[in-house]
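What follows is a single structure, written as structure tokens, with notes after it.
Only heavy atoms go into these numbers, but all of them, side chains included; no hydrogens, no water, no symmetry mates. The structure displayed is predicted, hence computed values, not measured ones.
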Amino acid sequence: MLSPDEFDDAYDDDELRSELPDSPIASLRDLQYLYGKLYTLATAGGGDYAPYLTPDAAGDLVDTDDSLIVVRVDLSGDEPQLADDEQGAIKVTRYSADLVSKVAHSKYPAARGIDHSVTHQAGRNSDPEKLARYAKERLTKWATDGVVQNAADDHEDGSLVNALADLGEDEDVPDTIEDAVTRALDGESATALLTVQVKTEPDGEYRWPGEVDVFQAAMRARKLSKLVSKGQATESAGDAVDIVTGEATRTVGTSEDPLNYYLGKQLEKFPGLDVDEAWRTHPLSEDAAVTVMNAEPFVEACTYRTFGAKVYSLPYFFGTPTPADARELYQLLYLAVDAEDDSRVTSIERAYQREDWTVDENRLRFYVSAVMPHQMSRYDVFGETLNALLQYPSAVAVAHAETQQTEAFRGSDDRSAAFPTVDWPVFGSNTGALLGEITSGWYFGQTFPEGDDDTDASADDPRIEALVNVLSGTPISVSLLLDAYVTRILDEASHDDVDGFPSLRVSSQFAQLCALASAEGNFLTADGEQASITESPSYELRIMDEPGPEALTTDGGFAGEQKLEAFIEGTPALNNDQRCGVFLLGTLVGAVGNYQEWHEDRSTTLVDQFPVKSITTSRIKKVTQDAIEKTLTYTRQEKTRQGRNYPGTKFDYIVDRLRDRVLNPDPDDWTLEKTDLRFYYALGVTYGMNDYSPSSDESTESTEEN
């Protein structure tokens, strides 16, 4: 394959323009066709037969010993015969780079059968007997193939093919070839291509298949024959308008698809599909179909796996491709193909990392889809967009990194952060690393439920939906997020391997929610009472190594109380009294639970007594009463045992706010959705469990200051 510089030198703008589509990229098929064109130009070059050749199929044989076995045939006389000059009937040589186009190999990727071209690729380390058989089959099998014979009948030089077939019928010829191959290899095995050279003029040179048009035409016909009889189809072809080129021509309906998307068995995509009539619903001209198939190396290079599904992230430039677009795109695709050891890097990351990027990023788009193999040769397409932009995931990555630098996730000298963090990528502040986590799907894999089959996605998997939405800039429903968050929390609460309340999981979910709400663009959508969740929080930035907000306590106030007040004021979602009430209830349960664990040495706490799954509107009042009663109990105990003189009760900065919000309206009349209640309750529990002063060894020291 040509390097980007070699590609630039090989084709001037006029040549490129003549090869490129003259209409905008508007479908997956358009994009596959463009990829196929670029790949063909970079490997086989231009010309009518180039899309049908597979110059890379035997790339590992180039310049290796005994890698090309040639049957030399003299067709210049009255009767065809094997060459009888000093080189003899069989020549064993090196398959050098300058012979690639001359040999004109067209591989048929099947376990059995001969290649499309007269040139055939043998298996690795084939023994001399097998190689001799393949050599004989250039005459006895390829030349006599029905499709090849039909192509010969329609070609002015068809007699050359017939002469090969006639020669193969000579009883002595196969034995002569076998003996010559065995002698030439000296009994050794080899990995090789096998082909023919023919001489058609008495004083002429022996010509390679790439120099004989009828051999090329027969190769093309043989490859095309596979496009109309695949699977259960017998003749899926007819005259129609090519959906890629717009040309009225013979079209085929069962060509291969690099994404396994337009397969005959995709009945859910094409209900009631009649494979013999597929050319009517999905017509591709023969040349376009083959060009699309050639896109596979580039398509695969821009593919990665997540949740068991293959995610395709295919870059292109919006609009009608220009020569300049083609050169920029080829650079991206070449880098993707060349990065074999860096397969975890998605094409979006690779584009983001380019320092010499000079194109209009608004024109750089990505086709994104997730495809899950399902049964034999059947695939489910879970999500799809043609309008993914580099800016979308990078905006979320930037917002997430900034969120990690706010008081919500960074504490001060006086008080812990609102929520806990650990050395975990989802709490990271490296935008480049976060971009990779987002585009790979890992970002949602850490916060959403894992699916029914361990990690594999299902057809309606919210992880895939959220991933495709972020990549395409499509807003995610807040309800979808809260449903997914709460499901994951409940899953972990019932999982034997998860010890205690999943506070870090809840913290990571909230960080994600804040990032999606804060990112430039529109990544969240909600109606009614959930609309405020889509608004960006206004937390104070807290740069590391800077002193904490000492002003909060200079007047003698309680840092824990002021932190809670600041968090509520900075969180638009908590402007809703019902949501704020259940958050405060969780905060009190978390704080009391911590007190029970650290001061009372209780193995079972309020956090265990009132798990997330127990929270409903009908139970909020009861849980509130029990939580407040516990604070009163511990207040009385401390006064009795330790002689403390509280002006009020323990955790009164929580209790007072909680009482204000659970009285009117009565929780029985609350209208908030259950997942909304449960997530913000879990958020409150996480907040309460994490609330402490760094100067104290105990997370509930705050109560001593009340």
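Screening Val290, Asp287, Val147, Val252 against Leu224 for a side chain to side chain contact (heavy atoms under 4.5 Å, CB included) leaves a single residue, Val290. When Asp85, Val73, Leu75 are each tested for a side chain to side chain contact (heavy atoms under 4.5 Å, CB included) with Tyr206, only one passes: Asp85.
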What verdict does the salt bridge (charged side-chain N to carboxylate O under 4.0 Å, His left out) test give for Asp84 and Arg72, after you've listed the backbone C-alpha separation in whole Å, the side-chain angles of each residue and the deciding distance to 0.1 Å?
CA-CA 9 Å; Asp84 59 357; Arg72 304 176 70 241; over 6 Å; no

What's the verdict on salt bridge (charged side-chain N to carboxylate O under 4.0 Å, His left out) for Arg133 and Glu129, showing C-alpha distance, side-chain angles and the deciding distance?
CA-CA 6 Å; Arg133 176 164 61 84; Glu129 292 75 17; over 6 Å; no

After noting the C-alpha distance and the side-chain angles of Leu82 and Val173, does the key distance pass the side chain to side chain contact (heavy atoms under 4.5 Å, CB included) rule?
CA-CA 8 Å; Leu82 294 175; Val173 167; 4.0 Å; yes

List the steps and the verdict of side chain to side chain contact (heavy atoms under 4.5 Å, CB included) for Asp8 and Arg327.
CA-CA 7 Å; Asp8 287 345; Arg327 298 185 196 283; 3.2 Å; yes

What do the steps show when you test Asp127 against Lys130 for salt bridge (charged side-chain N to carboxylate O under 4.0 Å, His left out), and what is the final call?
CA-CA 5 Å; Asp127 56 50; Lys130 184 175 290 184; 5.4 Å; no

Derivation and outcome, side chain to side chain contact (heavy atoms under 4.5 Å, CB included), residues Tyr35 and Leu329:
CA-CA 9 Å; Tyr35 276 26; Leu329 179 59; 4.1 Å; yes

Tyr367/Thr385 under side chain to side chain contact (heavy atoms under 4.5 Å, CB included): CA gap, chis, key distance, verdict
CA-CA 6 Å; Tyr367 168 86; Thr385 179; over 6 Å; no

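Inter-residue side-chain proximity for Leu16 and Thr322 is flagged as unmet; no heavy-atom pair is nearer than 4.5 Å. In this structure, Leu194 and Val71 have side chains that are not in contact, with every pair of non-hydrogen atoms separated by 4.5 Å or more. Within the 4.5 Å cutoff, no side-chain heavy atoms of Ser117 are placed close to those of Pro209. The shortest side-chain heavy-atom distance between Arg17 and Tyr11 does not fall under the 4.5 Å cut-off. Using a 4.5 Å heavy-atom threshold, the side chains of Trp208 and Val70 count as touching. Considering only heavy atoms from C-beta on, Leu284 comes within 4.5 Å of Arg29 through its side chain.
In terms of heavy atoms, Ala180 sits closest to Ile90 at CB-CG1, 3.3 Å. Summarising the geometry of Val214 relative to Ala152, their closest heavy-atom pair is CG2-CA, 4.4 Å, with the distance given to 0.1 Å. For Pro4 against Gln331, the heavy-atom pair with the smallest separation is CB-CG, 3.8 Å. Across every non-hydrogen atom of Pro202 and Lys199, the tightest pair is O-NZ, 3.4 Å. Residue Gly45 comes nearest to Ala50 through the heavy atom pair O-CB, 3.1 Å, listed as atom of the first residue, atom of the second, then distance. Contact detail for Pro80 and Asp166: the closest heavy-atom pair is CG-CB, 4.5 Å.
Between the Thr291 side chain and the Lys37 main chain, no donor and acceptor come within less than 3.5 Å of each other. Although no hydrogens or angles enter the test, the distance criterion places a donor-acceptor pair under 3.5 Å between the side chain of Asp12 and the main chain of Glu15. Side chain of Ser76 to main chain of Thr200: no donor-acceptor pair is present (N/O by atom type, distance under 3.5 Å, no hydrogens or angles). In this structure, the side chain of Thr54 does not engage the main chain of Asp56 through any donor-acceptor pair within 3.5 Å. Using modelled atom types, one side-chain atom of Trp142 and one backbone atom of His116 make a donor-acceptor pair closer than 3.5 Å. Asp30 places no side-chain N or O within 3.5 Å of a backbone atom of Tyr33 that could act as its donor or acceptor partner. Although no hydrogens or angles enter the test, the distance criterion places no donor-acceptor pair under 3.5 Å between the side chain of Arg250 and the main chain of Ala237. Although no hydrogens or angles enter the test, the distance criterion places no donor-acceptor pair under 3.5 Å between the side chain of Ser126 and the main chain of Ala122. Asp338 contributes no side-chain N or O that, together with a main-chain N or O of Tyr334, makes up a donor-acceptor pair within less than 3.5 Å.
Note that CG of Leu34 and CG of Leu20 are 6.5 Å apart. Values are rounded to the nearest 0.5 Å. Rounding to the nearest 0.5 Å gives a distance of 8.0 Å between CG of Leu467 and OG1 of Thr439. To the nearest 0.5 Å, atoms CG (Asp242) and OG (Ser285) are separated by 3.5 Å. Annotation: the span from Glu137 atom CD to Asp145 atom CG amounts to 11.5 Å, rounded to 0.5 Å. The distance from the NZ atom of Lys136 to the CG atom of Leu139 is 10.5 Å, given to the nearest 0.5 Å. A distance of 8.0 Å separates CD1 of Ile25 from OG1 of Thr320, quoted to the nearest 0.5 Å.
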Show me the donor-acceptor pairs within less than 3.5 Å that the side chains of residues 93-105 make with the rest of the protein, sequence neighbours left out.
{"from": "Arg94", "atom 1": "NH1", "to": "Asp65", "atom 2": "OD1", "distance (Å)": "2.3"}
{"from": "Arg94", "atom 1": "NH2", "to": "Asp63", "atom 2": "O", "distance (Å)": "2.3"}
{"from": "Ser96", "atom 1": "OG", "to": "Asp98", "atom 2": "OD1", "distance (Å)": "2.4"}
{"from": "His105", "atom 1": "NE2", "to": "Asp115", "atom 2": "OD2", "distance (Å)": "2.8"}

Return a table of donor-acceptor pairs under 3.5 angstrom between the side chains of residues 308-318 and protein atoms on other chains or two or more places apart.
{"from": "Lys310", "atom 1": "NZ", "to": "Glu300", "atom 2": "OE1", "distance (Å)": "3.1"}
{"from": "Lys310", "atom 1": "NZ", "to": "Glu300", "atom 2": "OE2", "distance (Å)": "3.2"}
{"from": "Ser313", "atom 1": "OG", "to": "Ser347", "atom 2": "OG", "distance (Å)": "3.0"}
{"from": "Tyr316", "atom 1": "OH", "to": "Leu386", "atom 2": "O", "distance (Å)": "2.5"}

Side-chain donor-acceptor pairs of residues 154-162 under 3.5 Å, sequence neighbours excluded:
{"from": "His155", "atom 1": "ND1", "to": "Asp157", "atom 2": "N", "distance (Å)": "2.9"}
{"from": "His155", "atom 1": "NE2", "to": "Asp213", "atom 2": "OD2", "distance (Å)": "2.6"}
{"from": "Asn162", "atom 1": "OD1", "to": "Gln149", "atom 2": "NE2", "distance (Å)": "3.3"}
{"from": "Asn162", "atom 1": "ND2", "to": "Gly158", "atom 2": "O", "distance (Å)": "3.4"}

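Between Tyr39 and Phe298, the angle of the ring planes goes over 60°, which puts this pair in the perpendicular group of the 30/60° scheme.
Listed by chain and number, the residues in a ring-ring contact (aromatic ring centres under 6.0 Å, His included) with Tyr134 are His120 (sequence neighbours excluded). Legend: residues meeting side chain to side chain contact (heavy atoms under 4.5 Å, CB included) with Glu188, ordered by chain and number and at least two apart, are absent. Annotation: side chain to side chain contact (heavy atoms under 4.5 Å, CB included) contacts of Ala151 (sequence neighbours excluded): Ala218, Ala221.
Salt bridge annotation for Asp325-Arg363: present, with a cationic side-chain nitrogen under 4.0 angstrom from a carboxylate oxygen.
Thr195 and Thr119 form a side-chain donor-acceptor contact under 3.5 Å, judged by distance and modelled atom types alone. For the residue pair Thr40 and Asn294, a side-chain donor N or O sits within less than 3.5 Å of a side-chain acceptor on the partner.
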